[in-house]
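Every number for a ligand or one of its atoms is a count from 1 in the order of the listing. Nothing here was measured: the structure is a model prediction, and the numbers come from that model. In this chain, numbering begins with 1 at the start of the sequence shown.
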Amino acid sequence: MGVGGPARFFVEAEDEAAILGALRWAQERGLALHVLGGGSNLVVADAGVDGFVVRVALRGVSSREAGGAVEVTAAAGEPWDALVAHAVERGWAGLECLSGIPGLVGATPIQNVGAYGQEVSQTVTAVRALDRRAGETVTLAHGECGFGYRSSRFRIGEADRFIVLGVTYRLLPGGSPAVRYADVESDLARRGIARPSLADVRESVLAIRRSKSMVLDPDDPNRRSCGSFFLNPMVDQATFERISLAAGDPAMPRWREGDGRVKLSAAWLIEQAGLRRGDGPGPVALSTRHSLAIVCREGARAADVVAFAREIRARVEARFGIRLVPEPVFWGGLSLER
Ligand SMILES: Cc1cc2nc3c(=O)[nH]c(=O)nc-3n(C[C@H](O)[C@H](O)[C@H](O)COP(=O)(O)OP(=O)(O)OC[C@H]3O[C@@H](n4cnc5c(N)ncnc54)[C@H](O)[C@@H]3O)c2cc1C
């Protein structure tokens with residue numbers, strides 16, 4: 001978002017020994033240790049962070065054949081989209097819909113990164129991490145990661161316990177691409193592609209994301225965002241019926257989940273609460289291309305982002321009686337709660 005102040009202490013850790021060293025150094029001094037990837041899902045307070053920020057810069061990608069599949073292991077500091085491109089080029093299915101998401105590999109299990117019908121939890125088989133509590137390296141299998149919609153054990157429950165060092169994804173050589181979203185289907189149809197390759201789907205996803213300012217593009221006036229600012233609410237049937245009644249619109253977007261809950265569109269709720277794309281107090285505003293992204297302009301401060309996010313949340317709550325949950329992580333004592 002390009003807001004926020006400095007870290008009191010900062011190190012870029014290029015190997016695992018440096019990460020362990022940083023952890024010990026912070027523990028000895030009673031400092032809070034914050035782990036930074038690409039910084040694309042963070043809002044940092046204007047006063048900065050009174051602690052130790054470690055930027056994970058571990059690099060390396062390897063792969064091995066595993067019973068008809070291929071297991072790709074990437075170090076936490078690898079740029080995510082380059083890994084997706086690498087898989088697509090080799091014809092390995094499983095990540096193609098996750099094209100164009102900013103950030104690094106190590107952050108992908110944290111909120112179970114997802115888009116266009118794919119989530120990393122569908123392919124992650126193992127997460128190697130430094131367990132801060134025990135001070136040792138552990139390998140967590142898929143079932144130990146507690147994945148859910150934009151969540152995991154690393155984000156909810158045991159946030160701050162693990163520093164991700166590397167992630168293994170199980171991909172399918174020669175597999176078909178996932179085409180699960182109407183937007184992707186119609187982009188492929190527009191291009192006259194009936195049997196899309198992984199590369200075709202990647203191209204469609206990138207084009208759709210670009211049209212919504214959801215890729216990092218230095219020339220895009222909406223570029224300073226953290227992507228979606230709020231999660232799509234997951235509600236039970238009774239809450240869904242209440243919101244549906246309040247909306248009075250049979251076309252209200254909804255997706256039924258396997259567990260009986262219903263996922264609603266936060267963007268739609270925001271628009272129905274009276275906010276349109278581009279609306280905002282000035283230095284911060286809704287993106288002109290996506291009503292779920294708060295964008296920063298010249299002179300924006302973290303305090304402006306928080307104040308505007310509170311206003312959006314209050315308007316949706318007043319209209320529908322539902323409280324939106326922010327997606328980014330806040331550092332430096334920031335919170336939407338007063
Ligand atoms: C334009 C735009 C579009 C986006 N679109 C999507 C989307 O479609 N789907 C989606 O899911 N997200 C999306 N995001 C959000 C973001 O890209 C992802 O959450 C991404 O995984 C964050 O990666 P990062 O490396 O930048 O993490 P950071 O922003 O640096 O960190 C995010 C959180 O992860 C923690 N973390 C990072 N690395 C590690 C590590 N190695 N070990 C432990 N904790 C770590 C941090 O401490 C922090 O809590 C978008 C963001 C932007 C700006």
Side-chain angles (χ1 to χ4, degrees), residues 1-2 4 7 13 16 19 22-23 32-44 49 51-59 74-84 95 97-121 127-132 137 140 145 147-156 158-167 181 183 205-206 208-218 220 222-232 287 289-290 292-296 326-332:
M1 299 199 96
E16 294 184 9
I19 294 180
L23 177 63
L33 186 87
H34 298 273
V35 184
L36 179 67
S40 62
N41 213 24
L42 282 182
V43 187
V44 178
V49 177
F52 192 179
V53 173
V54 179
R55 182 159 199 274
V56 176
L58 310 174
R59 302 299 299 264
E78 284 292 326
W80 172 249
D81 193 49
L83 184 72
V84 176
L95 304 179
C97 293
L98 304 174
S99 295
I101 298 179
L104 307 181
V105 162
T108 59
I110 308 295
Q111 69 159 10
N112 182 17
V113 156
Y116 299 101
Q118 274 179 345
E119 293 180 327
V120 290
S121 60
V127 174
R128 242 184 103 247
L130 177 62
D131 180 351
R132 299 198 207 189
T137 302
L140 302 168
C145 296
F147 288 125
Y149 165 64
R150 292 300 173 277
S151 88
S152 72
R153 173 183 186 181
F154 312 111
R155 175 146 184 173
I156 312 268
E158 290 187 303
D160 295 340
R161 175 167 172 191
F162 297 101
I163 301 178
V164 176
L165 304 171
V167 185
Y181 262 58
D183 281 3
V205 167
L206 288 174
I208 297 163
R209 293 186 69 96
R210 226 172 269 123
S211 74
K212 297 180 176 178
S213 295
M214 283 289 167
V215 288
L216 293 186
D217 172 356
D220 183 341
N222 290 303
R223 71 189 174 282
R224 282 174 60 188
S225 84
C226 56
S228 303
F229 201 92
F230 294 102
L231 300 174
N232 286 325
S287 162
R289 286 170 158 179
H290 199 317
L292 197 47
I294 295 180
V295 299
C296 295
E327 185 189 295
V329 175
F330 297 91
W331 283 1

Relative to the ring of F162, is the ring of F154 parallel (under 30°), tilted (30 to 60°) or perpendicular (over 60°)? perpendicular
So, the side chain of S228 versus the backbone of F230: is there a donor-acceptor pair under 3.5 Å, distance only? no
Set of residues that line ligand 1, where lining means a heavy atom lies under 4.0 Å from it: V35, L36, G37, G38, G39, S40, N41, L42, V56, A76, I101, P102, G103, L104, G106, A107, I110, Q111, V113, G114, A115, R150, F162, I163, V164, R209, M214, S225, C226, G227, E327, V329, W331
Answer yes or no: is there an ion pair linking R209 with D81, defined by an N-O contact shorter than 4.0 Å? no
Do W80 side-chain atoms and L98 backbone N/O form a donor-acceptor pair below 3.5 Å? yes
Measure from the side-chain N and O atoms of N112 to the backbone N and O of F147, and report whether any donor-acceptor pair falls under 3.5 Å. no
May I ask you to decide if R223's main-chain N or O and S213's side chain share a donor-acceptor pair within less than 3.5 Å? no
